[in-house]
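The structure appears below as structure tokens.
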Number of protein chains: 2
Amino acid sequence: MASSIQGTRTDRLVNWAVDLKYADIPDEVVQRTKDFFLDTLGCAIAGRSHPAITAMVRFAAQMGPSSGKSELIDGSQNLTTSPAFASLINAAASHVVEQDDLHNRSIMHPATVIFPAALAVSQDIGASGEDFITACVVGYEVGCRVGEYLGKSHYERFHSTATGGVIGVAAAVAHLLKLDVSQTLSAVGTAGTQAAGLWQFLLDATHSKQVHTAKACFDGIFAAYSAREGLLGPRDILEGPRAMGIALVPGETNPEAIDQNLGKDFAVLRSSFKWHASCRHTHPSVDALLNLMKKNQVAFGDIESVLVPTYQAAINVLSLSGNGETVHQSKFSMGFVLAIAAKKGQAMITDFTDDDLKDSSLREFQKRVTMKYDADIDAQFPERWQGTVIVKCNSGNTFTESTKFAKGDPELPLTS
Amino acid sequence: MASSIQGTRTDRLVNWAVDLKYADIPDEVVQRTKDFFLDTLGCAIAGRSHPAITAMVRFAAQMGPSSGKSELIDGSQNLTTSPAFASLINAAASHVVEQDDLHNRSIMHPATVIFPAALAVSQDIGASGEDFITACVVGYEVGCRVGEYLGKSHYERFHSTATGGVIGVAAAVAHLLKLDVSQTLSAVGTAGTQAAGLWQFLLDATHSKQVHTAKACFDGIFAAYSAREGLLGPRDILEGPRAMGIALVPGETNPEAIDQNLGKDFAVLRSSFKWHASCRHTHPSVDALLNLMKKNQVAFGDIESVLVPTYQAAINVLSLSGNGETVHQSKFSMGFVLAIAAKKGQAMITDFTDDDLKDSSLREFQKRVTMKYDADIDAQFPERWQGTVIVKCNSGNTFTESTKFAKGDPELPLTS
């Protein structure tokens, strides 16, 4: 490989990304990529009417071109534009209903950034289906490895879907544009110096979660297209002395995640479908609660209290949303999500409504749910997302149930 | 003020920004704003041919509209576009030659982000000159106060011109769009959750410095225009429990900088013109060296070595650029900048050339310059940017010279 630069872990990751061919991708990776793509299209259509999306459509109309080769997944807008703006909107729309996928070890939602960017650019340049899939596999791999490198302490402060996501987008788009190793390093570097996304929005139910995925796409596309035009980016934006690892990680990084088992271990195969339409940190507990209720014939009205031993990251994220004053914010309240699941027997998109926010039986149940740090569960996270619930019933009985995997995990498919 | 929200420091800053009227602005602030605007136009024209700018012009052509009301400052491109793309390019162009202004206490270059954004949006909406100036004063004030709040330890990791700048841009544009307090809080919040910009580019002479100012404009315009369309941003992106202060500041913040003396102390009056075309951290030392050489009739060839006692932030930034392999990177080498100044008697734009990079007399001089941490100078920084040089001559004589202010500081005008 004359074009190879084999110095740093970032170099090795980028070399792999540039060199990947469709023929090198195992069939099961291709198939699962297609499944996640379909899943993402559904998410984008479900989220299309959210006020954040409406605002971004108007922004795109004001700032972008009035036509182009890239489409909104929600065809009803009848709007075509450039790939940067189409992906901005599609990425925001696919991250509204909290049903988009999750890569466990990086604590990232790769689908919501990788597919919108790869789709819009593929439409722009007329890429083949095989090129599209290859680019998506590259995007998942690079983005999720960066997220895993940044690790748990990064995730305490930053929305990793945005910060790892923008790098995954840059790599996926660079692959579609057939950039060489040097250009792709520039794209990844320019993406990384733009990496951003804070959790503050959780406290007041504002729209930054959608901004983060939207901007990961726009900024990653900016990085890759500009690199093609000669814009130089830092060559080691991950581990350099003034790079992401130093600036954006208060604790420890996981450097080996950047380049170990490249081409053998695929992020696509370690990503999960979301069964419930709520924050993924609630899922293990929802599964455990539903299993417990079924197994022990416990009804919603029988439950006096629920104690939820869980990992620290769940407590961190789920402690920020107060009572959950909007449908989206309520999906980040462990108490409210368990209340919905307990009362309705499931927690799907249509199970979260504005009326439910005013349902006093749900609000009362919500108050009787308590999270508690569990060191054993925390030690497994994020490799495994485990859940336990301890339910005390009005009858005086107490039941306990645990799950080793969340439903939708690779180890526990939705069809199981 | 019925629209006021007076809870947090962020609230108070935003209330002030929304309420500011042209008539409230002291004459000297208006005049200095005009002077900085003119200075910025010159910087943008001087930087127009840099490869980073060419790449961004091409990106704008690929992703943006083919016409619009906003112009490039460099009229030669004959390109009009939307304000987001015009400001992207103008902000990058005005941050190439290292002549744009500096606000001392925040360690920020406000002009390079505030003027391009305010100009492009003013053209878009047909704002008056008075509205333009008022918006620029708002942008300087909000941006620089945020930069000062984030402080010295933030600046060690982040390019504050980008992270404070995007918030200043959002506030300036919100003012032009006549957003109310609630919308402006959203704009500022959405800007802050996008705040990014790392120093890694200094190590390999890549183009992120221009990316940072470009994206501060684009992202701040996104924040303000989207807020007008209903996009909600976090309401305390500065001091909230998951906001910028927590996530982006490894050391201490300066909370009082956010809202003390609003309307009395103007950032515009505390900003400096740059006399030399190099990193501002070199300026106090360049001034001291030029004074020393003149006062003691020391010539370039007389100098055996230069010891530069300075503050830590200067050492941090200026230690990253190696020998300075490009014209831009060479402006971040204390040794090379002092060599240019000593040989040419000045360090203006045309004094830094590709030929100079190959000049062995400059390269030899560069090696004989050493920076040294000085606790007294550091204690004054960034309130004051002081410089001292200790020059040892071939004759055996040693001279020392210090400056209390850099030439171009408000306390030491260029005309003095």
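Quick note on labels: first sequence line is chain A, next is B, and so on, each numbered from 1. Being a predicted model, the structure only gives us computed values, none of them experimental.
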Only pairs of heavy atoms separated by less than 4.5 Å count here; which of A:Gln194, A:Arg242, A:Glu229 has the most with chain B?
A:Arg242
Using non-hydrogen atoms only, which part of B:Ser66 is less than 4.5 Å away from chain A: side chain, backbone, both, or neither?
neither
Among A:Ala223, A:Ala162, A:Pro51, A:Ser208, which has the most heavy-atom pairs under 4.5 Å with chain B?
A:Ser208
Give a yes or no on whether the backbone of B:Ala187 and the side-chain of B:Thr190 come within a donor-acceptor separation of less than 3.5 Å.
no
For A:Asn90 and A:Glu71, indicate whether the former's side chain and the latter's backbone hold a donor-acceptor pair under 3.5 Å.
yes
Less than 4.5 Å to any heavy atom of chain A: does that hold for the side chain of B:Leu203, its backbone, both, or neither?
side chain
Option in A:Gly233, A:Gly189, A:Ala84 with maximal non-hydrogen atom pairs under 4.5 Å from chain B
A:Gly233
With only heavy atoms counted, which part of B:Leu320 is less than 4.5 Å from chain A, the side chain, the backbone, both or neither?
side chain
Of the backbone (N, CA, C, O) and the side chain (C-beta and beyond), which part of B:Ile53 lies under 4.5 Å from a heavy atom of chain A, both, or neither?
neither
Toward chain B, the part of A:Pro83 with a non-hydrogen atom under 4.5 Å
both
With a cut-off of 6.0 Å (strictly less than), are more than 12 heavy atoms of other residues, nucleotides or ligands near CD of B:Glu325?
yes
Side chain / backbone / both / neither for B:Ala52 at chain A, heavy atoms under 4.5 Å
both
May I ask you to name which of B:Arg157, B:Gln210, B:Met56, B:Arg228 has the most heavy-atom pairs under 4.5 Å with chain A?
B:Arg157
With chain B, the option among A:Thr193, A:Asp204, A:Thr54, A:Leu202 that has the most non-hydrogen atom pairs under 4.5 Å is A:Thr193
Go through it in stages, so that I can follow the logic: the residues are A:Leu238 and A:Arg9, the test is side chain to side chain contact (heavy atoms under 4.5 Å, CB included), and I'd like the CA-CA distance, side-chain angles, deciding distance and then a yes or no.
CA-CA 9 Å; A:Leu238 302 181; A:Arg9 288 193 182 88; over 6 Å; no
A:Arg58 and B:Ser226: CA distance, side-chain angles, deciding distance, side chain to side chain donor-acceptor pair (under 3.5 Å) verdict:
CA-CA 8 Å; A:Arg58 290 180 184 157; B:Ser226 296; over 6 Å; no
Take A:Ile237 and A:Ile167 through the test side chain to side chain contact (heavy atoms under 4.5 Å, CB included) and record every step on the way to the result.
CA-CA 10 Å; A:Ile237 199 62; A:Ile167 298 204; 4.2 Å; yes
Go through the atoms of B:His212 and report whether side chain, backbone, both or neither lie under 4.5 Å from a heavy atom of chain A.
side chain
Could you check A:His207, A:His159, A:His50 and say which one makes a ring-ring contact (aromatic ring centres under 6.0 Å, His included) with A:His95?
A:His159
Do side-chain atoms of A:Ser321 reach the backbone of A:Gly324 as a donor and acceptor pair under 3.5 angstrom?
no
Among A:Asp124, A:Thr163, A:Asp219, single out the residue with the greatest number of heavy-atom pairs under 4.5 Å to chain B.
A:Asp219
What's the spacing between B:Phe158 CZ and A:Leu248 CG if we round to 0.5 Å?
5.0 Å
Picking from B:Pro234, B:Ser82, B:Ala196, which has the most non-hydrogen pairs under 4.5 angstrom with chain A?
B:Pro234
Measure B:Phe222 against the heavy atoms of chain A and call it side chain, backbone, both or neither at under 4.5 Å.
both
Parallel, tilted or perpendicular, judged at 30° and 60°: which one describes the rings of A:His281 and A:Tyr155?
perpendicular
So what's closer than 4.5 Å to chain B heavy atoms on A:Ala243: side chain, backbone, both or neither?
both
Is A:Glu156 close to chain B through its backbone or its side chain, or both, or neither, when contacts mean heavy atoms under 4.5 Å?
backbone
Under 3.5 Å: donor-acceptor pair, side chain of A:Thr184, backbone of A:Val14
no
Less than 4.5 Å to any heavy atom of chain A: does that hold for the side chain of B:Phe201, its backbone, both, or neither?
both
